[in-house]
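What follows is a short report on a single structure.
What you see is a predicted model, and the numbers here were worked out from it, not measured in a lab. So you know, we letter chains A, B, ... as the sequences are listed, proteins then strands, and number each from 1.
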Amino acid sequence: MEDTNSLIEQRRQNLAGLNARGVNPFMNSFSPDAQCGTVRTELARWAEWNKSPEPKGEPVGLAEGTRVRLAGRITAHRDMGKSQFLDLRDVSGRIQLWVQPKVLGEDAAEIFKLLDLADFIGIEGTLFITRMGEPSVKVESFTPLGKSLRPPPGKWHGLEDTEIRYRQRYLDLMANEPIREVFLKRSHILKEIRSFFHLRGYVEVETPMMQAIPGGAAAQPFKTFHNALGCEFYMRIALELYLKRLLVGGVDKVFEIGRNFRNEGLSRRHNPEFTMLEAYEAYGDYATMMETVESLIRHIALTVVGTLKIEHRNAEGEVFKTIDLSHWRRARYKDLVCEKAGDDWFMVSPEERRRRAVEDLKLSGDIAAGYQDFEVTAAVFEKLVEPTLIQPTFVTHLPKQLVPLAKISAEDPTTVEVFECCINGQEIAPGYTEQNDPIAQREALEHQAGGEQQKLDEDFLVALEHGMPPAGGIGIGIDRLCMMLLGQESIRDVILFPQLKPKV
RNA sequence: GGGUCGGUAGCUCAGCGGUAGAGCAGCGGCCUUUUAAGCCGUUGGUCCAGGGUUCAAAUCCCUGCCGACCCA
């Protein structure tokens, strides 16, 4: 960027001033011995202990007078003339610095004047508590570590321009504390998912993102070209078919967390690339996987959020939705449809169902002329039932036409052994008793490919013919899981760099 | 793809035919424990872009770009 303004110009002049004094404003390294937020917390603990009239037992926290070396970004500056207060921030939080020119000495005081808000510095000093009770560091020396040549976003309102927040996420992270929290917690969620599966004896793998035939889901893929091989590849739309190959190969419990790519619309709930978890367990079935999903999500909620009652708040901070992860409902697809569409929904003729859906339920926009009967019912489910499933619900006994790749239920052969776990009005995790009959699988995939032989993943079918153990499988959309757990209503607020149209 | 709303100083926004504004940030002062520090002074603009209407356009009209939300 070539844009300049007076604020950038002033910072460049300060940079030149540092260079002129032989100070390197961009150091190669610095070794702090503590973190800002941690030191602040520990010093406050000590102050609390010290405050009681008769201190009892061993001191806690970090005492006044302790020497520390800290590094971070200057995020506030309060000039008192002969006394200056700065806030220094690192990933752990902030702490106040007290800087007195006379303590620094004349040369250092001159250099101090050339610092700007948002610069990175390292400091050395001793801990103390101000008259106002603020845990602080009395700075004895400092080192410029990384100069900021552009003004940071404001401190009051933070950064609110959504476009800048998404395009320059680093500014969002710098200015908006709650946003930083969301992404730190997303990292924590991923960590807990991994440890959950590892503890259960699962193996984590990585399978190809570039695939000759994109399979495992019905979605538009992105296409790319490999120069050396001279052929086209597709970015994967699902993980499934490679993980099942591993079941064939004898990896009995396997999971992958990875990016899928779907060349479709963008919305509050859709990003073209999104993170998917898929897990497969040999000798398990959909019931095994329901238990897995419930245990996993409970575990994450407790370890990351610290509660099973997840609160979603509006801009005013009022709770408008609470998701209770301590009760998991199980309900049949047909029963849920009847709740919205009438108890006799499945007893009337297909023509009557279509009429009711279009006229009574006002779904004309969602039901295409060529829809089959089961698709009419599916529209009712998707538009009228799913959005109301805010509390965790396993929807089971889906009609077999709806999920052609799953195994038939022994107790009701018109349905399949499949669940859709819905939370927060969205499908969060589908789970299957996976098809391991290669002949049935071939028929289903051939039907799905609609006679286009090139769309058939022959290598996958050959793998199944070598024998696959019965297995339960799940997929969990990690972004939507994060939205649900972290109280975010837009997928862009749980993806660090959401896709936007490039600016020219 | 359709509809609604938005784009003005570094940030947050006001102005909606008649000289381009405020708060914060910045800069210059004062203040030796302040913390949204305070007080005095002050700099800063391609009003998203391009066309049109008009004596006069940030403001009205058209086209385009980018974003948010809703719908499909």
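Stacking of A/Lys138 on the aromatic ring of A/Phe128 is recorded, both the 6.0 Å distance cut-off and the 45° axial limit being met. In this structure, A/Arg262 is not positioned above the aromatic face of A/Phe274 in the sense of NZ or CZ being under 6.0 Å from the six-membered ring centre and within 45° of the axis.
Between A/Glu177 and A/Arg89, at least one side-chain nitrogen of the basic residue sits less than 4.0 Å from a carboxylate oxygen of the acidic one, meeting the salt-bridge criterion. One finds a salt bridge joining A/Arg21 and A/Glu110 here, because a Lys/Arg side-chain nitrogen approaches an Asp/Glu carboxylate oxygen to under 4.0 Å. Taking a cutoff of 4.0 Å between a charged side-chain nitrogen and a carboxylate oxygen, A/Arg45 and A/Glu48 do not qualify as a salt bridge.
With no hydrogens or angles considered, no side-chain donor-acceptor pair links A/Trp46 and A/Thr66 at under 3.5 Å. In the model, A/Asp90 has no side-chain atom that pairs as donor or acceptor with a side-chain atom of A/Gln35 under 3.5 Å.
Using a 4.0 Å heavy-atom cutoff across all strands shown, A/Gly265 reaches no nucleic acid atom at all. If you check every strand for non-hydrogen atoms under 4.0 Å, A/Arg11 touches nothing. Looking at heavy-atom distances under 4.0 Å, A/Leu159 makes contact with sugar-phosphate atoms alone, never a base. Residue contacts for A/Phe128: at a heavy-atom cut-off of 4.0 Å it reaches a base atom on one of the strands shown. Backbone-only engagement by A/Ile164 is indicated by non-hydrogen atom pairs under 4.0 Å involving sugar-phosphate atoms exclusively. Using a 4.0 Å heavy-atom cutoff across all strands shown, A/Leu500 reaches sugar-phosphate atoms only and no base atom.
The stretch residues 83-98 of chain A touches RNA chain B through A/Phe85, A/Gln96, A/Trp98, each having a heavy atom within less than 4.0 Å of the strand. Sorted by residue number, the list of members of residues 107-114 of chain A with any non-hydrogen atom under 4.0 Å from RNA chain B is empty.
Put simply, the side chain of A/Arg78 and the base of B/U34 share a donor and an acceptor less than 3.5 Å apart.
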Stepwise side chain to side chain donor-acceptor pair (under 3.5 Å) check, A/Glu264 with A/His270: CA-CA 8 Å; A/Glu264 293 164 1; A/His270 299 85; over 6 Å; no
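Comparing atom distances between the A/Leu7 side chain and each of B/C69, B/U12, B/G10 picks out B/G10 as nearest.
Between B/C65 and B/A20, the two P atoms lie 30 Å apart (nearest whole Å).
A heavy-atom distance below 4.5 Å is found between the side chains of A/Leu173 and A/Phe183.
One can place NZ of A/Lys501 at 20 Å from P of B/G7, the figure rounded to the nearest angstrom.
Along RNA chain B, the nucleotide closest to A/Ser490 and the one closest to A/Lys102 are compared, and the more 5′ of them pairs with A/Lys102.
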